[in-house]
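One structure is given here, and the rest of the page talks about it.
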Amino acid sequence: MQRQGIEAAQAALAAGEATAMLVLKAHDQRTAELCSAARDAGIPVHEVTERDMWRMAWPGSEEPPTVLTLVGRYPEAQNLDELTTRGGLLLCLDGVSYAGNMGFSVRTAEVAGATGVILATPAPIPGRAWKDLRHSSMQATRFIPVVESPIEEVIASAKAAGHRIVVIEDVGDHDLPNVDLTGDVMLVIGAEAEGVSQAALEAADAVVRLPMHGFVPSYNLQVAVACACVEAARQRR
């Protein structure tokens, strides 16, 4: 969640709730002292332009805030097990290969309040693809952890941490609003062409099919991610 303004940032920092901050590049001494205190506490501080601050701030302010503070989520995770043991909502992209789709999904999961995103890939993602991912996510990777791991390890870690696994796939026999997406749950979305892996289908507690009435046989990946994350956010509100 987001807190706006320097007073809210100071309160969150004092309470130990602040986990990341955005500040204007051109800031006063008071804000500079806040940044120093945050960095001393190990909290990442990102300096942005006024335009970026307007874009990132929740609407309603007459002037752009000088500070935005992230609370309620740790923006980084060292590994898969560290992420899954935090609980909450996870988004797993099972075999997704296009950086643009990954970035869109990361941003959508962040907006929906997810704990983190898992890229279930058989091989490490190249550095260039990571750069494209960060760009297409509008740099949401600053505020939500993204980890990589093969799907078999993802399933094992999520199950061990107590997550229910909900797969979004054309072969599903459940409607999305009828599946419980509260508590500790991992949403799994499959690759652009191949769909969800057999390992994910076999491990699923529920397989969901989105309603379709057209000639084209499926939605694209970004629509599936958006539908799943918005429904999860609605249920968890």
With heavy-atom distances below 4.5 Å as the criterion, would you say the side chains of [X] and [Y] are in contact?
{"X": "Leu89", "Y": "Met186", "result": "no"}
{"X": "Leu119", "Y": "Met102", "result": "yes"}
{"X": "Val67", "Y": "Thr31", "result": "yes"}
{"X": "Val23", "Y": "Thr66", "result": "no"}
{"X": "Phe143", "Y": "Thr19", "result": "no"}
{"X": "Lys25", "Y": "Glu50", "result": "no"}
{"X": "Leu221", "Y": "Ile189", "result": "yes"}
{"X": "Asp132", "Y": "Arg128", "result": "yes"}

Does [X] come within less than 4.0 Å of [Y], counting only side-chain N to carboxylate O?
{"X": "Asp205", "Y": "Lys159", "value": "yes"}
{"X": "Arg3", "Y": "Glu17", "value": "no"}
{"X": "Glu33", "Y": "Arg30", "value": "no"}
{"X": "Glu47", "Y": "Arg39", "value": "yes"}

Do the side chain of [X] and the main chain of [Y] share a donor and acceptor less than 3.5 angstrom apart?
{"X": "Thr108", "Y": "Phe104", "result": "yes"}
{"X": "Glu169", "Y": "Gly190", "result": "no"}
{"X": "Arg86", "Y": "Leu83", "result": "no"}
{"X": "Asp94", "Y": "Val196", "result": "no"}
{"X": "Asp175", "Y": "Asn178", "result": "no"}
{"X": "Ser136", "Y": "Leu133", "result": "yes"}
{"X": "Glu192", "Y": "Val96", "result": "no"}
{"X": "Arg236", "Y": "Leu181", "result": "yes"}
{"X": "Ser149", "Y": "Ala120", "result": "no"}
{"X": "Gln235", "Y": "Val179", "result": "yes"}

Is it the case that one hydrophobic cluster holds both [X] and [Y], taking links as side-chain heavy atoms less than 4.5 Å apart, direct or via other members?
{"X": "Met138", "Y": "Met56", "value": "no"}
{"X": "Met53", "Y": "Val111", "value": "no"}
{"X": "Val185", "Y": "Val225", "value": "yes"}
{"X": "Leu68", "Y": "Leu34", "value": "no"}
{"X": "Val117", "Y": "Leu187", "value": "yes"}

Which atom pair, heavy atoms only, marks the closest approach of [X] to [Y]?
{"X": "Val188", "Y": "Ala200", "result": "CG1-CB, 4.1 Å"}
{"X": "Ala114", "Y": "Ile144", "result": "O-CD1, 3.7 Å"}
{"X": "Ala161", "Y": "Asp184", "result": "O-OD2, 4.4 Å"}
{"X": "Glu148", "Y": "Ala123", "result": "OE1-O, 4.1 Å"}
{"X": "Ala191", "Y": "Gly95", "result": "CB-O, 3.3 Å"}
{"X": "Pro75", "Y": "Ala20", "result": "CG-CB, 4.2 Å"}

Give a yes or no on whether Met212 atom CE has more than 12 heavy-atom contacts from other residues, nucleotides or ligands under 6.0 Å away.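 More than 12 heavy atoms, drawn from other residues, nucleotides or ligands, come within 6.0 Å of this atom.
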Within a 6.0 Å radius of atom OH on Tyr219, are there more than 12 heavy atoms belonging to other residues, nucleotides or ligands?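 Yes.
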Which distance, rounded to the nearest 0.5 Å, do you find between the [atom1] of [X] and the [atom2] of [Y]?
{"X": "Met1", "Y": "Arg73", "atom1": "CE", "atom2": "CZ", "answer": "11.0 Å"}
{"X": "Leu93", "Y": "Thr121", "atom1": "CG", "atom2": "OG1", "answer": "10.0 Å"}
{"X": "Cys92", "Y": "Ile155", "atom1": "SG", "atom2": "CD1", "answer": "7.5 Å"}
{"X": "Leu22", "Y": "Thr69", "atom1": "CG", "atom2": "OG1", "answer": "8.5 Å"}
{"X": "Met21", "Y": "Ile6", "atom1": "CE", "atom2": "CD1", "answer": "9.0 Å"}
{"X": "Asp170", "Y": "Leu210", "atom1": "CG", "atom2": "CG", "answer": "8.0 Å"}

When you look at Gln222 and Ser105, which way does the side-chain hydrogen bond (donor to acceptor under 3.5 Å, both in side chains) test go after all the steps? CA-CA 7 Å; Gln222 294 188 10; Ser105 300; over 6 Å; no
Consider only side-chain N and O atoms of Gln4 and Gln2, and report whether a donor and an acceptor are under 3.5 Å apart.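 Yes.
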Kindly determine whether Glu110 and Arg107 satisfy side-chain contact (heavy atoms from CB on, under 4.5 Å), including the steps that lead there. CA-CA 5 Å; Glu110 199 286 325; Arg107 180 186 177 190; 5.7 Å; no
Go through the structure and list residues passing side-chain hydrogen bond (donor to acceptor under 3.5 Å, both in side chains) with Thr141, not counting sequence neighbours.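 For Thr141 there are no side-chain hydrogen bond (donor to acceptor under 3.5 Å, both in side chains) partners, ignoring immediate neighbours.
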Partner set under side-chain hydrogen bond (donor to acceptor under 3.5 Å, both in side chains) for Arg55, not counting sequence neighbours: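 If we apply the side-chain hydrogen bond (donor to acceptor under 3.5 Å, both in side chains) test to Arg55, skipping adjacent residues, there are no hits.
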Take Asn79 and Glu82, measure what side-chain contact (heavy atoms from CB on, under 4.5 Å) needs, and give me the verdict at the end. CA-CA 5 Å; Asn79 53 54; Glu82 180 184 329; 3.3 Å; yes
Given side-chain contact (heavy atoms from CB on, under 4.5 Å), test Leu91 with Ile118 step by step and report yes or no. CA-CA 6 Å; Leu91 174 65; Ile118 303 169; over 6 Å; no
For Arg142 and Val48, what are the C-alpha separation, side-chain angles and deciding distance, and is it a side-chain contact (heavy atoms from CB on, under 4.5 Å)? CA-CA 12 Å; Arg142 294 173 293 179; Val48 300; 3.8 Å; yes
